[in-house]
Amino acid sequence: MPISPEAAAFLAEQPPPPDYTALDGEAGLAFLAAARAPRPRPAPIVPVPRVEDTTAGPDGPPVRLYRHDPGSPTGALLYLHGGGWVLGDLEMHDHTCRLLARDTGAAVVSVDYRLAPEHPYPVPLEDCYTALSWVAAHTAELGIDPARIGIAGSSSGGNLAAGLALLARDRGGPATTVQLLLYPVLDASLATPSFDRYGTGHFLERAQMAWFWRCYLGAAAPGPYSAPVLADPTGLPPAVVVLPELDPLRDEALNYTDMLVAAGVPATVVHVPGQLHGFLTLPERFPAATEALARTAALATPYLRPAPVAVPAG
């Protein structure tokens with residue numbers, strides 16, 4: 001399918017990308033300071049009865065909890081925002097979290113992990129693990145079914161979600177039931193055909209992604225928790241993978257999905273034709289965002305429903 005009209009209009013409005021090869025050191029920090037400045041966002045259009053900002057324990061990251069009925073146990077979905085590990089916050093992904101909370105019925109816990117390059121790998125991933133451990137340790141207090149905790153993330157947050165699923169498996173918990181990988185970053189090589197085809201002029205640039213990786217990894221080499229295509233995915237929870245057609249990251253996500261299936265992990269791909277990387281965070285510009293999230297939520301919901309309560313016979 002050709003590019004959607006709304007995606008073409010969005011691309012036509014974008015300024016020329018900066019020279020990412022010149023954005024290391026102090027120049028990079030200055031660029032990020034400007035990019036991280038708060039910007040007005042549309043008012044939330046999806047009501048959620050209870051939205052609470054707190055922290056994941058005394059030493060944990062800030063989190064935002066989205067809930068419907070606090071009086072009944074529900075599953076939980078830990079949400080990890082995108083932004084190349086260097087940008088993004090709770091506000092940027094507020095609408096996405098509201099939609100997921102509405103459409104799954106789960107409590108969504110959005111994590112404001114520390115950002116690179118000030119806090120390179122593994123700090124953001126460890127922040128996410130701390131948040132997951134906090135949720136698992138406070139299920140009774142939060143009204144969450146401990147047997148129904150999932151992980152979700154978009155772009156670099158999808159990378160963290162995939163890495164977190166691996167980390168939780170290898171550390172013996174907390175147990176997770178599903179991973180939602182929304183156009184995830186999974187391969188540091190930038191060598192897939194979709195990068196060759198869409199890595200220039202389709203919003204996410206190859207040079208930009210290379211800079212994100214440099215900021216995130218710092219002095220570390222790619223490994224299975226930072227670049228999950230290097231991992232053995234055996235024993236991971238089922239996955240739902242959202243793939244816009246015109247995304248440079250598409251092929252690495254398809255490759256990882258194939259790895260999951262080959263390892264016996266159920267994995268479902270939600271293809272979204274004619275759309276760009278990042279479209280889910282701009283539902284006011286991309287009508288396909290709401291539909292794609294609804295499809296994703298429908299696939300995830302069975303893994304997030306509370307276990308049925310046994311009723312004694314007679």
Could you tell me which non-hydrogen atom of [X] sits nearest to which non-hydrogen atom of [Y], and how far apart they are?
X	Y	result
His95	Pro283	CD2-CG, 3.0 Å
Ala253	Val241	CB-CG1, 4.1 Å
Thr257	Ala267	CG2-CB, 3.8 Å
Leu304	Ala106	CD1-CB, 4.1 Å
Ala107	Leu65	CB-CD1, 4.1 Å
Ala292	Phe279	CB-CZ, 4.0 Å

Grouping I, L, V, M, F, W and Y whenever their side-chain heavy atoms are under 4.5 Å apart, do [X] and [Y] come out in a common cluster?
X	Y	answer
Leu230	Leu160	yes
Leu249	Val229	yes
Leu80	Met92	no
Leu87	Trp85	yes

> Checking ring pair (Phe, Tyr, Trp, His ring centres under 6.0 Å) for the pair Phe31/Trp211: CA distance, chi angles, key distance, verdict?
Replying inline: CA-CA 12 Å; Phe31 174 79; Trp211 180 65; 5.7 Å; yes
Close side-chain approach of [X] to [Y], heavy-atom, < 4.5 Å:
X	Y	result
Asp59	Thr130	no
Arg98	Tyr66	yes
Thr296	Leu180	yes
Pro228	Leu166	yes
Val135	Ile149	yes
Glu6	Leu11	no
Val240	Val270	yes
Pro117	Leu32	yes

>> Between Asp187 and Tyr256, is there a side-chain donor-acceptor contact under 3.5 Å, judged purely by atom types and distance?
In response: no
Do NZ/NE/NH1/NH2 and the carboxylate oxygens of [X] and [Y] come within less than 4.0 Å?
X	Y	answer
Asp145	Arg305	no
Arg114	Glu126	no
Glu118	Arg36	yes

Tell me, yes or no, whether the heavy-atom count around [X] atom [atom1], taken from other residues, nucleotides or ligands under 6.0 Å, exceeds 12.
X	atom1	result
Asp19	CG	yes
Glu52	CD	yes
Gln14	CD	yes

>> Run Tyr113 and His81 through ring pair (Phe, Tyr, Trp, His ring centres under 6.0 Å) and show every step you take.
In response: CA-CA 9 Å; Tyr113 56 86; His81 68 73; 4.3 Å; yes
Is a side-chain N or O of [X] found less than 3.5 angstrom from the main chain of [Y], in a donor-acceptor match?
X	Y	value
Tyr121	Cys215	no
Thr192	Glu252	no
Thr139	Pro146	no
Arg169	Thr234	yes
Glu245	Val272	no
Thr281	His93	no
Ser133	Tyr129	yes
His138	Trp134	yes
Gln179	Pro237	yes
Asp103	Ala297	no

> Do the rings of Phe10 and Phe286 sit parallel, tilted or perpendicular, given the 30° and 60° boundaries?
Replying inline: perpendicular
>> Can you tell me how the ring of Tyr216 sits relative to the ring of Trp213, calling it parallel under 30°, perpendicular over 60° and tilted otherwise?
In response: tilted
> Would His277 and Phe203 count as a ring pair (Phe, Tyr, Trp, His ring centres under 6.0 Å) if you check the C-alpha gap in whole Å, the side-chain angles of each, and the deciding distance to 0.1 Å?
Replying inline: CA-CA 7 Å; His277 182 82; Phe203 186 57; 7.2 Å; no
> Arg64 and salt bridge (Lys or Arg N to Asp or Glu O under 4.0 Å): which partner among Asp89, Asp53, Asp112?
Replying inline: Asp53
> How many angstroms lie between atom CG of Leu164 and atom SG of Cys128, to the nearest 0.5 angstrom?
Replying inline: 6.0 Å
